[in-house]
2 protein chains.
Amino acid sequence: MATRTAIIEQIYDDIRDKILKNEYAPGSKLSENSLSSDYNCSRTPVREAIKRLEQDGFVTVLPQSGSYVKELTLKDYQHIAEVRTYLESLAFRLNCENEVDIGPFSAILDAMDSCDMENPNEVMTFSDLHFQFHLEMVKASGNEILLTTFNRLNLNTNSLLFYQRLSTQGKIQTQEEHRKILDFLEKRDATRGEKFMFAHLWRKRNAYKRSRV
Amino acid sequence: MATRTAIIEQIYDDIRDKILKNEYAPGSKLSENSLSSDYNCSRTPVREAIKRLEQDGFVTVLPQSGSYVKELTLKDYQHIAEVRTYLESLAFRLNCENEVDIGPFSAILDAMDSCDMENPNEVMTFSDLHFQFHLEMVKASGNEILLTTFNRLNLNTNSLLFYQRLSTQGKIQTQEEHRKILDFLEKRDATRGEKFMFAHLWRKRNAYKRSRV
DNA sequence: TCACTGATACTTGTATGCTAGTTTGTGTTT
DNA sequence: AAACACAAACTAGCATACAAGTATCAGTGA
């Protein structure tokens, strides 16, 4: 089977994950040599993985110099938020049309509810679940191209935490919105639900836009 | 400078172009060997280009077997049309916000007007310009991530021509809609314009959806 | 005639070597 | 001490060699 080609995939996913989780900090170097020894393989698969990451905007490659984790500007974050808003609005509409089961979504929201926002660890869990909720929305749509497109957006931890209200009060407000989104989804109210989903995400985009110095 | 790495870029663009223009037919084989002799280089750059094309959904790579131009199903076309609709709606909104100059757009529409739809050659030109119009809309937005995302959609000739009304009558109707879009853009009427742009594109999506057999 | 088997010629996957450009650090000069 | 120049060490770009899986086709058996 196609187990061989999975090496590149695995390296790509791994590095991407570490970038999104800020384990590889923006600006830090990704050397083909050191990575190839990390993964116990030659430079070739590492190289292809880095090329893919470059294509997706996670990495900047300077020829004959090195590959570096991309440092995103506020403008980049704004642009990503804009695209994201529209992609997720589409996802919501498709989910209404497909009459998807809201069970999995409810489960995530319930798990988020039980996070204690005074405990930093659980705040982290809350953020992870928050992203899960949105990712699930895209996955459920059944549009593979939409999912691929969404996954290529550099939605790293920094971008996700930006202007997030991580207090207990903030959690309550966020969850209220999420439950409202789920209500619209349950009622298959694409028009009003999409509008609400749009507003939910576009607000963040506007935060990026305003915070330009 | 970074002239070396441009080889991959060039090969990628070239193959992508040929796929979009149906010069490489869906299902046809893209051998690394024959391509590397075509471009007078080794397999390495060709290979990286193909990997990128695979990532973008233009090519299917079967391990130890070969790379093939992806054969898109109606469902794929539908999915692409869905994503496209939302991306271009975003582009329109951004163009309103940025108060872009409608001059270049008018120029394209004028050129389209002068195409004789009884002449197959000019029908081709009309289609090219039609795509240009939509691409320009995305380019003008100033959102690089949006542009990259849009370019990665497999909007090939087949998909673009599908259910296109290529008669003189069809041209008139299409152009009316385009001029209306431009009107909204000139008035910076993001809300109503976006709605119109959305309908303009979503109709095509629905055509794909209905034509499922 | 058909079904199966096996060898062969293909394909891509991976490793490695070489080249050319960039960075860095050291030693010299002022 | 500071600035410059040069050399050495590092980087990725690309070519090539080998490994391993896949498809094809001829030949043999029934």
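Every chain is numbered from 1 and lettered A, B, ... according to where its sequence line falls, protein lines coming before strand lines.
Relative to the side chain of A:Cys41, the nucleotides C:dT12, D:dT11, C:dA15 differ in distance, and C:dA15 lies closest. Nearest nucleotide to the A:Ser31 side chain, out of C:dA15, D:dA15, D:dA12: D:dA12. Side chain of B:Pro45, nearest nucleotide from D:dC18, D:dC14, D:dA12: D:dC14. Distance from the side chain of A:Thr44 is smallest to C:dT16 among D:dC14, C:dT11, C:dT16.
In this entry the distance linking CG of B:Leu35 with P of C:dT12 reads 9 Å, nearest Å. What separates CD1 of B:Ile8 from P of D:dC14 is a distance of 5 Å, to the nearest Å. Atom OH of A:Tyr39 and atom P of C:dT14 are 15 Å apart (whole Å). Taking atom CZ of residue A:Arg43 and atom C1' of nucleotide D:dG13, one finds them 8 Å apart after rounding to whole Å. Rounded to whole angstrom, the span from the CD atom of A:Gln64 across to the P atom of D:dA12 amounts to 9 Å. Residue B:Glu32 contributes atom CD, which lies 15 Å from atom P of D:dC14 at whole-angstrom precision. The NZ atom of A:Lys29 sits 8 Å away from the C1' atom of D:dC10 (whole-angstrom rounding). Regarding B:Glu48, its CD atom lies at a distance of 12 Å from the P atom of C:dG13, rounded to whole Å.
Between the side chain of B:Asn154 and the backbone N or O of B:Phe58 there is no donor-acceptor pair closer than 3.5 Å.
Judged by atom type and distance alone, B:Ser65 does not reach the base of D:dA23 through any side-chain donor-acceptor pair under 3.5 Å.
Relative ring orientation between B:Tyr77 and B:Tyr208 is described as parallel, the plane-to-plane angle staying below 30° on a 0-90° scale split at 30° and 60°. Aromatic ring pairs are classed by plane angle as parallel below 30°, tilted from 30° to 60° and perpendicular above 60°; the pair B:His134 and B:His130 is tilted.
Residue contacts for A:Ile50: at a heavy-atom cut-off of 4.0 Å it reaches no nucleic acid atom on any strand shown.
Distances shown here put every side-chain N or O of B:Asn33 at or beyond 4.0 Å from the OP1 or OP2 atom of C:dC10. Dashed line: the shortest gap from a side-chain N or O of A:Lys51 to OP1 or OP2 of D:dA12 is not under 4.0 Å.
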* Evaluate the salt bridge (charged side-chain N to carboxylate O under 4.0 Å, His left out) criterion for residues B:Glu48 and B:Lys51: first the C-alpha distance (whole Å), next the side-chain angles of each, then the deciding distance (0.1 Å), finally the verdict. => CA-CA 5 Å; B:Glu48 294 193 0; B:Lys51 277 280 165 197; over 6 Å; no

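Taking every heavy atom of both residues into account, B:Val100 and B:Ala140 meet most closely at CG1-O, 3.9 Å.
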